[in-house]
Number of protein chains: 4
Amino acid sequence: MVRLAGQLFAQKGYRATTVREIADAAGILSGSLYHHFDSKESIGDEILARFLDEILADYRAAVASGGEPNQVLAQIVRTTSKTLAGNRAALTMLQNDWHYFTSQPRFRYLRAALREVERTWISQLERGIEAGAFRADLDPALTYRLLRDVLWIPAARNRPGGYSAEQVADAFLELLFNGIST
Amino acid sequence: MVRLAGQLFAQKGYRATTVREIADAAGILSGSLYHHFDSKESIGDEILARFLDEILADYRAAVASGGEPNQVLAQIVRTTSKTLAGNRAALTMLQNDWHYFTSQPRFRYLRAALREVERTWISQLERGIEAGAFRADLDPALTYRLLRDVLWIPAARNRPGGYSAEQVADAFLELLFNGIST
Amino acid sequence: MVRLAGQLFAQKGYRATTVREIADAAGILSGSLYHHFDSKESIGDEILARFLDEILADYRAAVASGGEPNQVLAQIVRTTSKTLAGNRAALTMLQNDWHYFTSQPRFRYLRAALREVERTWISQLERGIEAGAFRADLDPALTYRLLRDVLWIPAARNRPGGYSAEQVADAFLELLFNGIST
Amino acid sequence: MVRLAGQLFAQKGYRATTVREIADAAGILSGSLYHHFDSKESIGDEILARFLDEILADYRAAVASGGEPNQVLAQIVRTTSKTLAGNRAALTMLQNDWHYFTSQPRFRYLRAALREVERTWISQLERGIEAGAFRADLDPALTYRLLRDVLWIPAARNRPGGYSAEQVADAFLELLFNGIST
DNA sequence: GATGAATGAGTCTTCATTCAT
DNA sequence: AATGAATGAAGACTCATTCAT
């Protein structure tokens with residue numbers, strides 16, 4: 001049921017999906033949905049909260065590994081890449097209706113999670129600069145801002161000719177560390 | 001009036017903004033809006049069409065300049081960076097309600113414009129690879145996909161501590177061509 | 001101006017025609033119409049009142065001629081046939097929006113005029129029956145009811161292959177007096 | 001519910017009847033109507049389509065009976081007379097809002113049905129003329145045009161002193177075949 | 001658990017009319 | 001006379017949610 005709702009949310013956006021459509025997909029009437037959920041909001045909450053929990057776990061594990069900054073970042077990219085692939089609904093919901101969710105008290109944790117992601121990246125970039133592994137003229141905050149949207153590119157879209165999560169992660173890391181020039 | 005609507009659309013999303021809110025902001029009644037516009041949709045159209053026209057003009061001018069691929073890409077990034085800064089409302093509208101707009105016949109031109117942007121990037125990346133300026137192992141389509149979202153980062157957010165359009169463009173180009181490593 | 005409005009009313013119905021459409025047709029703005037007329041209603045009133053005045057004049061003249069019932073009825077059909085042809089707008093308005101007009105106090109005269117028409121027909125039919133010119137088993141009220149709608153068939157529609165007002169009047173009178181059988 | 005709506009449509013016209021009035025009459029809120037119907041249009045469609053189906057069935061059965069033209073026409077008048085009496089709402093809707101309905105694609109079948117009615121009458125009139133049963137100087141198309149409106153006179157209006165469906169049909173046939181003269 | 005009828009607040013839109021300029 | 005901006009009441013329709021059965 002949550003899965004069904006997630007698919008619809010991903011297809012057409014959270015707000016554009018009506019409770020009736022979810023119920024139709026589940027083969028029940030819209031009123032009957034409310035035996036399973038308090039509200040449409042709580043379905044969204046379930047999907048989103050689970051997703052962010054996994055993502056933050058990825059980040060914390062990578063930081064806790066204690067590796068060099070470039071290793072920590074590489075681990076983040078590789079593990080979240082898989083998490084992303086398994087939570088496409090949540091991702092699309094956030095991309096389509098970010099404003100809506102973050103304007104509601106119930107979803108305050110979204111901004112909090114994103115702040116932790118941001119802090120992690122910035123502090124790893126700073127560590128790398130200090131250690132001489134990254135260019136000294138790098139502005140960590142601005143660099144993170146540029147990278148930010150790329151972090152959420154869902155790997156392995158279900159279309160023929162798509163790329164695997166690993167391919168996307170590798171390409172991203174190569175681009176990140178070395179750029180496109182020869 | 002278009003400006004007012006654009007600001008509201010950018011703040012809360014196109015769909016989440018009601019006609020009444022626009023009218024309120026303009027100090028008139030909601031019905032009076034229709035003296036100036038056919039529909040809510042046509043306000044959105046005006047904002048979006050103008051924006052994409054400017055963006056495509058940037059792209060075509062850069063390509064027409066006939067420079068080396070890296071110069072063409074640099075010009076694109078620098079000129080669209082300014083266009084983006086001047087069309088923040090349109091940008092936010094697209095980010096928030098992309099699904100909605102592209103599902104409506106009237107906004108078919110959105111996908112068309114994005115396709116032209118994609119083609120331009122991919123063909124410049126291909127030219128650069130052939131010319132030996134870009135790494136031979138680069139996958140143009142995948143690389144574009146990674147860059148895509150970054151292209152729309154609106155420069156110079158109006159918040160204290162923001163970066164100028166030039167700063168963002170420069171940082172992006174540096175990252176693009178050379179990566180973050182020393 | 002009244003003529004213009006009448007044409008539009010006839011084409012699409014009184015209610016379906018907006019004040020703005022009338023103004024557009026006149027080459028002015030909708031607000032400017034109100035320098036010429038109090039209201040949309042008063043334009044309709046002008047068209048309708050003139051029409052019914054002419055029709056009632058036709059009826060009274062025929063009755064006043066003092067002829068035999070069949071002659072009176074023939075005169076009515078022939079003269080109103082021309083009046084009808086010259087007032088197609090009014091006719092169409094009444095056919096499309098009869099309910100609307102008669103539900104408004106201002107147009108009370110519509111029902112009054114129709115009542116006079118009815119009374120005239122019924123009394124001529126009765127006179128004819130008494131005089132032995134019309135069949136004795138004729139129910140005057142029911143007969144009038146059957147004829148009623150036919151009375152308003154606008155002669156000579158402006159389409160190729162249409163019939164002239166005279167042709168329609170003659171055919172109607174032949175049908176009325178003799179039926180279709182040999 | 002359809003019945004309720006039909007009564008209101010007949011009383012004040014389809015367009016003049018608001019969805020709220022229908023809901024009020026049903027003792028529910030206007031939004032609740034949409035639990036039962038897609039749209040106001042689909043209520044009208046249901047009423048009108050059923051009516052025209054019955055009418056066309058009457059016509060086809062009469063033609064299929066294979067009788068003489070005057071018998072076919074008599075059967076048409078007698079059977080549709082009953083159908084008319086049972087569909088007064090539909091009839092009034094068509095008389096009041098014919099223009100509106102026929103201007104909408106969904107109600108295209110209205111014109112088609114009327115064309116079939118017209119063809120039937122004209123071809124029976126032609127057959128009767130050939131067979132020598134009807135006057136040789138009859139113009140079938142013009143005659144049909146004169147009769148047309150009479151065909152839809154709903155029998156047995158619910159007012160005291162009304163006529164039964166049979167009475168109206170008989171009077172019409174007598175008038176049609178023999179006229180009013182002795 | 002499910003039904004299905006109903007709610008009620010809200011959405012975009014229309015249009016005859018007014019009025020300062 | 002005309003403009004054009006604005007009014008305000010109304011119209012059809014949507015949708016998350018409730019609740020008796």
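Basis for what follows: all heavy atoms, side chains included, without hydrogens, waters or symmetry-related copies. Reminder, nothing fancy here: chain letters follow the sequence lines and each chain counts from 1.
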Checklist entry - Backbone N or O of B:T18 within a donor-acceptor pair of the B:E21 side chain at under 3.5 Å? => result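 Such a contact is found between B:E21 side chain and B:T18 backbone.
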Next on the checklist: Both atom distances under 3.5 Å, Watson-Crick or G-U wobble: I'd like the secondary structure of DNA chain F as a dot-bracket string, with | for pairs made across strands.
Outcome noted: .||||||||||||||||||||
Checklist entry - Listed by chain and number, what are the side-chain contact (heavy atoms from CB on, under 4.5 Å) partners of D:A90, not counting sequence neighbours? => result D:I47, D:L48, D:F51, D:N87
Checklist entry - By side chain to side chain donor-acceptor pair (under 3.5 Å), which residues pair with C:D97, not counting sequence neighbours? => result none
Checklist entry - From the 5' end of DNA chain E to its 3' end, which nucleotides mark the outer limits of contact with chain A, defined by a 4.0 Å heavy-atom distance cut-off (strictly under)? => result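 The contacted stretch runs from E:dA2 to E:dG4.
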Item to check | For D:F37, ring pair (Phe, Tyr, Trp, His ring centres under 6.0 Å) partners two or more places apart | outcome: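 Testing D:F37 for ring pair (Phe, Tyr, Trp, His ring centres under 6.0 Å), a comparison that skips the adjacent residues, returns none.
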Checklist entry - Tell me: CZ of B:R15 to P of F:dT14, nearest whole Å? => result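 Atom CZ in B:R15 sits about 14 Å away from atom P in F:dT14.
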Checklist outcome for this item: When D:H35 and B:D38 are each assigned the nearest nucleotide of DNA chain E, the 5'-most assignment goes to D:H35
Checklist outcome for this item: Between C:K40 and B:A16, the residue closer to the 5' end of DNA chain E by nearest nucleotide is B:A16
Next on the checklist: Looking only at side-chain N and O atoms, does D:Y109 offer a donor or acceptor that is under 3.5 Å from a partner on D:D45?
Outcome noted: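 Yes, D:Y109 and D:D45 have a side-chain donor paired with an acceptor closer than 3.5 Å.
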Checklist entry - Got a sec? Which of residues 24-34 of chain C come in under 4.0 Å of DNA chain F, heavy atoms? => result C:I28, C:L29, C:G31, C:S32
Next on the checklist: Counting the atoms with a prime plus P, OP1 and OP2 as sugar-phosphate, which does B:T17 contact under 4.0 Å by heavy atoms, base, sugar-phosphate, or nothing?
Outcome noted: sugar-phosphate
